[in-house]
Colleague: 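Can you read through this structure? Questions will come right after.
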Amino acid sequence: MKKRLLSICLTVLLVLSLANAAMAASQTENSFIPGHVPAETDALQSVTPPIHALVLCMAENDLEYSKSDLFTWKCLYYMLSLYGQMDTRAELTDDTLILPAETAADYACALFPNFQGLPKVPTALAGHVAYDGQRDEYRLARGDEGLAETVLTGSRSLGGGRLLVEGKLTDVADGSTLVRFEATLMPNDGMFGYAVADLKLL
């Protein structure tokens, strides 16, 4: 299962249809990669994991983008479940993913702009995420990998370094489009190069 998940995650990063030449022109260098995730990709490709987590979470739970504590942790749980085990700081057991609090915060910085720290884990997610205050780490129940991939299809500049990125979530099995989306990105100096400032399912 672990190898299959890693393969799917890498596919998500690599299967990108970049239809707009402005996309390449807007790439910036990542200056902060403490966990070495994602692997050496350009900045726009590296922001695919948070976009994928947001789209998948919103589509599967019929949610709209917000900055509520519950939405923050639902999306972060998706992102950490899919990509956290690839981080060099992660520990794995058969059913648990263990990550330092700083790692969870590094990932959350890409999901929301102007990130000011992780809120308390909502009671609704107590069965999925637990915080160990003594060790300052999070323990996540390992979920099943999804069989969907995010494909970025184009982008345009909104000025001030911001980008509007278009894409779709597709079924790995047959290539069908599950949902289309638009994501507004803001550059930052976190490990993923950008933060998602807004995301709409179309």
Side-chain angles (χ1 to χ4, degrees), residues 1 5 8-9 12-13 35 37-38 46-87 89-90 92-93 95-133 136-152 165 167-172 178-186 188 190-192 194-202:
M1 176 187 288
L5 175 57
I8 290 171
C9 290
V12 169
L13 288 171
V37 175
S46 74
V47 83
T48 304
I51 291 176
H52 181 66
L54 282 164
V55 172
L56 199 59
C57 181
M58 291 168 64
E60 289 188 350
N61 296 280
D62 193 25
L63 297 173
E64 293 186 356
Y65 183 93
S66 77
K67 295 182 177 67
S68 71
D69 291 355
L70 182 57
F71 182 81
T72 296
W73 268 108
K74 272 184 175 288
C75 293
L76 183 56
Y77 175 71
Y78 270 70
M79 189 176 179
L80 294 176
S81 295
L82 288 169
Y83 302 99
Q85 67 176 309
M86 296 161 57
D87 195 288
R89 297 166 289 181
L92 295 171
T93 69
D95 59 0
T96 305
L97 171 64
I98 304 168
L99 294 166
E102 68 171 5
T103 306
D106 288 343
Y107 283 65
C109 284
L111 291 172
F112 307 97
N114 305 315
F115 178 71
Q116 299 298 315
L118 287 169
K120 183 179 179 181
V121 178
T123 303
L125 292 179
H128 300 283
V129 183
Y131 176 66
D132 184 336
D136 195 26
E137 65 187 18
Y138 290 94
R139 294 174 173 263
L140 293 83
R142 296 179 65 185
D144 294 331
E145 66 267 24
L147 294 178
E149 65 185 14
T150 291
V151 181
L152 304 184
V165 176
K168 58 185 179 180
L169 187 71
T170 64
D171 189 312
V172 171
L178 302 174
V179 66
R180 295 184 179 276
F181 64 85
E182 289 182 346
T184 302
L185 307 180
M186 295 178 60
N188 68 16
M191 64 188 289
F192 291 92
Y194 287 92
V196 181
D198 193 19
L199 194 146
K200 293 181 175 66
L201 302 184
L202 306 177

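No hydrogens, no waters, no symmetry mates; every other heavy atom, side chains included, goes into these values.
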Colleague: If you measure from CZ on Phe71 to CG on Leu54, what distance do you get to the nearest 0.5 Å?
Modeller: 5.5 Å
Colleague: Heavy atoms only: give me the nearest Gly190-Asn188 pair and the separation to one decimal.
Modeller: N-OD1, 3.0 Å
Colleague: Should the ring pair Phe112 and Tyr65 be called parallel, tilted or perpendicular, given that the plane angle runs from 0 to 90° and is split at 30 and 60?
Modeller: tilted
Colleague: State the OG1-NE2 distance between Thr150 and His52, to the nearest 0.5 angstrom.
Modeller: 4.5 Å
Colleague: Report the residues that fulfil side chain to side chain donor-acceptor pair (under 3.5 Å) with Thr170, sequence neighbours left out, ordered by chain and then residue number.
Modeller: none
Colleague: Side-chain contact test, heavy atoms from C-beta onward, threshold under 4.5 Å: evaluate it for Leu82 versus Pro49 and give yes or no.
Modeller: no
Colleague: Just how far is it from atom CD of Gln85 to atom CG of Leu140, taken to the nearest 0.5 Å?
Modeller: 11.5 Å
Colleague: Taking all non-hydrogen atoms of both residues, which atom of Ala195 and which atom of Cys109 are closest, and how far apart?
Modeller: CB-O, 3.4 Å
Colleague: Looking at Pro119, is its backbone amide N or carbonyl O close enough to the side chain of Trp73 to form a donor-acceptor pair, meaning the two atoms are under 3.5 Å apart?
Modeller: yes
Colleague: Could you report the tightest heavy-atom contact between Ala59 and Val179, atom names first, then the distance?
Modeller: CB-CG1, 4.4 Å
Colleague: Applying salt bridge (Lys or Arg N to Asp or Glu O under 4.0 Å), can you list everything that pairs with Lys67, at least two apart in sequence or on another chain?
Modeller: none
Colleague: Would you give the length of the straight line joining atom CG of Leu111 to atom OH of Tyr78, rounded to the nearest 0.5 angstrom?
Modeller: 13.0 Å
Colleague: Going from OH on Tyr107 to CG on Leu99, what distance comes out if it is rounded to the nearest 0.5 angstrom?
Modeller: 7.0 Å
Colleague: Below 4.5 Å, heavy atoms only, C-beta onward: do Phe181 and Leu152 meet side chain to side chain?
Modeller: yes
Colleague: Would you mind telling me which of Val196, Leu201, Leu178 makes a side-chain contact (heavy atoms from CB on, under 4.5 Å) with Val55?
Modeller: Leu201
Colleague: State, with a plain yes or no, whether a side-chain heavy atom of Leu169 is found less than 4.5 Å away from one of Met58.
Modeller: no
Colleague: Quick check: closest heavy atoms across Tyr77 and Ala141, and the distance to 0.1 Å?
Modeller: OH-O, 2.6 Å
Colleague: Are the side chains of Asp106 and Arg89 in contact, using a 4.5 Å heavy-atom criterion?
Modeller: yes
Colleague: Relative to the ring of Tyr138, is the ring of Tyr131 parallel (under 30°), tilted (30 to 60°) or perpendicular (over 60°)?
Modeller: tilted
Colleague: List the atom of Leu199, the atom of Ala183, and the distance in Å for their closest heavy-atom pair.
Modeller: CD1-CB, 3.9 Å
Colleague: Is any side-chain heavy atom of Val121 closer than 4.5 Å to one of His128?
Modeller: no
Colleague: Taking the side chain as everything from C-beta on, heavy atoms only, tell me whether Leu118 gets closer than 4.5 Å to Leu76.
Modeller: yes
Colleague: Count the heavy atoms belonging to other residues, nucleotides or ligands that lie under 6.0 Å from CG of Asp62, then report whether that count exceeds 12.
Modeller: no
Colleague: With rounding to the nearest 0.5 Å, note down the distance linking CG in Asp198 to CG in Leu185.
Modeller: 10.5 Å
Colleague: Judged by atom type as modelled, is there a donor-acceptor pair below 3.5 Å linking the side chain of Asn61 to the main-chain atoms of Leu63?
Modeller: no
Colleague: May I ask you to test the Lys120-Asp69 pair for a side-chain heavy-atom distance under 4.5 Å?
Modeller: no
Colleague: Any idea which heavy atoms bring Cys75 and Cys57 closest together, and the distance?
Modeller: SG-SG, 3.7 Å
Colleague: List for me each residue that meets salt bridge (Lys or Arg N to Asp or Glu O under 4.0 Å) alongside Arg139, sequence neighbours excluded, and say none if there are none.
Modeller: Glu137
